[in-house]
Amino acid sequence: MISAVSDQNRSAGDDRSRSAGDDRSRSAGSGSEGLRYLLVLSRPRFWLYLAGPVAVGVTYGISDVSELFTPVTVALAGYFLLPANVFLYGVNDVFDADIDELNPKKEGREARWQGSKPVVAAVVASGLLGLATLAITPRVAWPYLLGFLVLAVGYSAPPLRFKTTPFLDSLSNGLYALPGAAAYATVAGVHPPLAALAGAWLWTMGMHTFSAIPDIEPDRTAGIDTTATLLGEGRTYAYCFAAWTAAAAGFWLVDFRLGALLGVYPVFVAWVARSSVSVDRAYWWFPALNTVVGTLLSMGGLWRVYPLWEALP
């Protein structure tokens, strides 16, 4: 009798869950609500994670300020500001829908997958728009643009699904460095310095793994293996410290001032690890830190071609 009642309750709960999912899906596909959902899906606080490297790449690739704003550089910045984020996080949310039901982060500033046909179409269109960037960029930039699209899918989608394999999840997040490399190659006509590319890749590895620390328990509950779940919180801090120290060293080889600026990241993670600040709280500060560092990097690139003293009255 108890078993029968329990089965009925589970069935009713499943029906309510499906009904709520259907309601969310209909809401996500309707007019202004659909647009609002796409904005939430694209993680606005992370937009500069893709668009910021474009700005950095352009400022270090140009030889004159007249090359800063061109139809191609503006198009790349526009794509990586919004459509690329819709594509990246849309693919992620499609294949993480079941897992995200257990993730408390999805109850606040993020949203659980509410895929409707218009939303799916927007995600696919954003990927196709990425392919269209090949038509306006030189061939030297193509490996970076294609690499971004491949990793954006491979990170979340089977059969690769790098996000569920420890260390490959971290390594594959070099995709965040590729927009900057593509922008540099587009305006400079050559590949970016290898040390800078390696430094940027290592920076993204640290960034990804630090951001995965708040997900350790939800991922373990869902049976998802990541670098962070494998190492645990303490050793994950050490991993991020090592990745960011190596990133700073890579940039130091390009210019010691760049290396000194990137040195803020190992200091930051060491402080979080040793302080009483919750990593869940520090996680929400991270976009602000990246924005400040990215702005300083871009300003440094601009000062190469337009020195500060020339800008002063």
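Values in this document were obtained by computation on a predicted structure and should not be read as measured data.
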Enquirer: Flag the pair Leu134 / Leu146 as yes when at least one side-chain heavy-atom distance between them is below 4.5 Å, and no otherwise.
Expert: yes
Enquirer: Could you tell me whether the side chain of Leu175 reaches within less than 4.5 Å of the side chain of Thr204, counting heavy atoms only?
Expert: no
Enquirer: Classify the ring geometry of Phe46 against Tyr89: parallel below 30°, tilted from 30° to 60°, perpendicular beyond 60°.
Expert: tilted
Enquirer: Could you measure the distance from the OG1 atom of Thr229 to the CD1 atom of Ile216? Nearest 0.5 Å is fine.
Expert: 7.5 Å
Enquirer: Nearest 0.5 angstrom please: Glu67 CD to Thr73 OG1, how far?
Expert: 9.5 Å
Enquirer: Identify the two heavy atoms, one from Ala195 and one from Gly250, that lie closest to each other, and give their separation to 0.1 Å.
Expert: CB-O, 3.6 Å
Enquirer: With side chains defined as the heavy atoms from C-beta onward, is the minimum distance between Val187 and Tyr60 less than 4.5 Å?
Expert: no
Enquirer: Go through it in stages, so that I can follow the logic: the residues are Thr221 and Glu217, the test is side-chain hydrogen bond (donor to acceptor under 3.5 Å, both in side chains), and I'd like the CA-CA distance, side-chain angles, deciding distance and then a yes or no.
Expert: CA-CA 6 Å; Thr221 301; Glu217 291 309 318; 5.3 Å; no
Enquirer: Find out if a path of hydrophobic residues (ILVMFWY) with successive side-chain heavy-atom gaps under 4.5 Å connects Val150 to Leu131.
Expert: no
Enquirer: Can you see which heavy atom on Val269 is nearest to which on Pro266, and at what distance?
Expert: CG1-O, 3.4 Å
Enquirer: Run the side-chain contact (heavy atoms from CB on, under 4.5 Å) check on Thr295 and Met299 step by step: do they pass?
Expert: CA-CA 6 Å; Thr295 299; Met299 291 173 65; 3.9 Å; yes
Enquirer: Same cluster or not: Val264 versus Leu262, using hydrophobic residues (I, L, V, M, F, W, Y) connected whenever any side-chain heavy atoms lie under 4.5 Å apart?
Expert: yes
Enquirer: Given Leu261 and Val293, is the side-chain contact (heavy atoms from CB on, under 4.5 Å) satisfied, shown in steps?
Expert: CA-CA 7 Å; Leu261 179 59; Val293 172; 4.1 Å; yes
Enquirer: Out of curiosity, Tyr176 OH to Leu50 CG, how far, rounded to the nearest 0.5 Å?
Expert: 6.0 Å
Enquirer: If every non-hydrogen atom of Thr226 is compared with every non-hydrogen atom of Lys163, which pair is closest and at what distance?
Expert: CG2-O, 3.6 Å
Enquirer: Can you find a heavy atom in the side chain of Ile213 that is under 4.5 Å from one in the side chain of Tyr283?
Expert: no
Enquirer: Under the side-chain contact (heavy atoms from CB on, under 4.5 Å) criterion, do Trp47 and Leu39 qualify, and how do the steps go?
Expert: CA-CA 10 Å; Trp47 282 0; Leu39 286 176; 3.9 Å; yes
Enquirer: Sequence neighbours left out, what passes ring-ring contact (aromatic ring centres under 6.0 Å, His included) with Phe167? Give chain and number order.
Expert: Tyr239
Enquirer: Just verifying a value: how many Å separate Thr209 OG1 and Asp169 CG, rounded to the nearest 0.5 Å?
Expert: 6.0 Å
Enquirer: Does any non-hydrogen side-chain atom of Val123 lie less than 4.5 Å from one of Val91?
Expert: yes
Enquirer: Would you sort out whether Ser298 and Thr59 count as a side-chain hydrogen bond (donor to acceptor under 3.5 Å, both in side chains), showing the intermediate values?
Expert: CA-CA 6 Å; Ser298 297; Thr59 56; 4.5 Å; no
Enquirer: Please report whether the ring centroid of Phe148 lies less than 6.0 Å from that of Phe80.
Expert: yes
Enquirer: Check the surroundings of atom CZ in Arg304: do more than 12 heavy atoms from other residues, nucleotides or ligands lie under 6.0 Å from it?
Expert: yes
Enquirer: Quick check: closest heavy atoms across Trp201 and Gly174, and the distance to 0.1 Å?
Expert: CE2-CA, 3.2 Å
Enquirer: Tell me, do Leu302 and Leu68 make a side-chain contact under 4.5 Å, heavy atoms counted?
Expert: yes
Enquirer: For the atom pair CG (Leu76) and CG (Leu145), what is the distance rounded to the nearest 0.5 Å?
Expert: 6.5 Å
Enquirer: Any salt bridge linking Asp93 with Arg43? Criterion: basic side-chain nitrogen under 4.0 Å from a carboxylate oxygen.
Expert: yes
Enquirer: Quick one: do Leu253 and Leu194 end up in the same hydrophobic cluster if we chain Ile, Leu, Val, Met, Phe, Trp and Tyr together by side-chain heavy atoms under 4.5 Å apart?
Expert: no
Enquirer: Measure up the Tyr265 and Trp203 rings against each other and bin them: parallel (under 30°), tilted (30 to 60°), perpendicular (over 60°).
Expert: perpendicular
Enquirer: Considering all heavy atoms of both residues, which atom of Leu149 and which atom of Gly130 are nearest to each other, and what is their separation?
Expert: CD1-C, 3.9 Å
Enquirer: Phe210 vs Phe286 aromatic rings, parallel, tilted or perpendicular, using cut-offs 30° and 60°?
Expert: tilted
Enquirer: Do the side chains of Leu230 and Asp225 get nearer than 4.5 Å, heavy atoms only?
Expert: no
Enquirer: Can you name the closest pair of heavy atoms from Cys240 and Gly206 and give their distance?
Expert: SG-O, 3.6 Å
Enquirer: If you apply the rule side-chain hydrogen bond (donor to acceptor under 3.5 Å, both in side chains), what do you find for Ser42 with Asn85, and how did you get there?
Expert: CA-CA 5 Å; Ser42 69; Asn85 283 290; over 6 Å; no
Enquirer: Please determine whether ring pair (Phe, Tyr, Trp, His ring centres under 6.0 Å) holds for the pair Tyr144 and His191, giving the CA-CA distance in whole Å, both sets of side-chain angles, and the decisive distance to 0.1 Å.
Expert: CA-CA 10 Å; Tyr144 308 111; His191 296 287; 5.6 Å; yes
Enquirer: Val267, Phe241: one ILVMFWY side-chain cluster at the under-4.5 Å cut-off?
Expert: no
Enquirer: Using 0.5 Å steps for rounding, measure from the OH atom of Tyr237 to the CZ atom of Arg274.
Expert: 12.5 Å
Enquirer: Can you tell if the side chain of Trp244 reaches within under 4.5 Å of the side chain of Leu202, non-hydrogen atoms only?
Expert: no
Enquirer: Knowing that exactly one of Leu129, Thr133, Leu128, Leu88 qualifies, which makes a side chain to side chain contact (heavy atoms under 4.5 Å, CB included) with Pro83?
Expert: Leu129
Enquirer: I'd like to know whether the aromatic ring centres of Tyr155 and His208 sit less than 6.0 Å apart in this structure.
Expert: yes
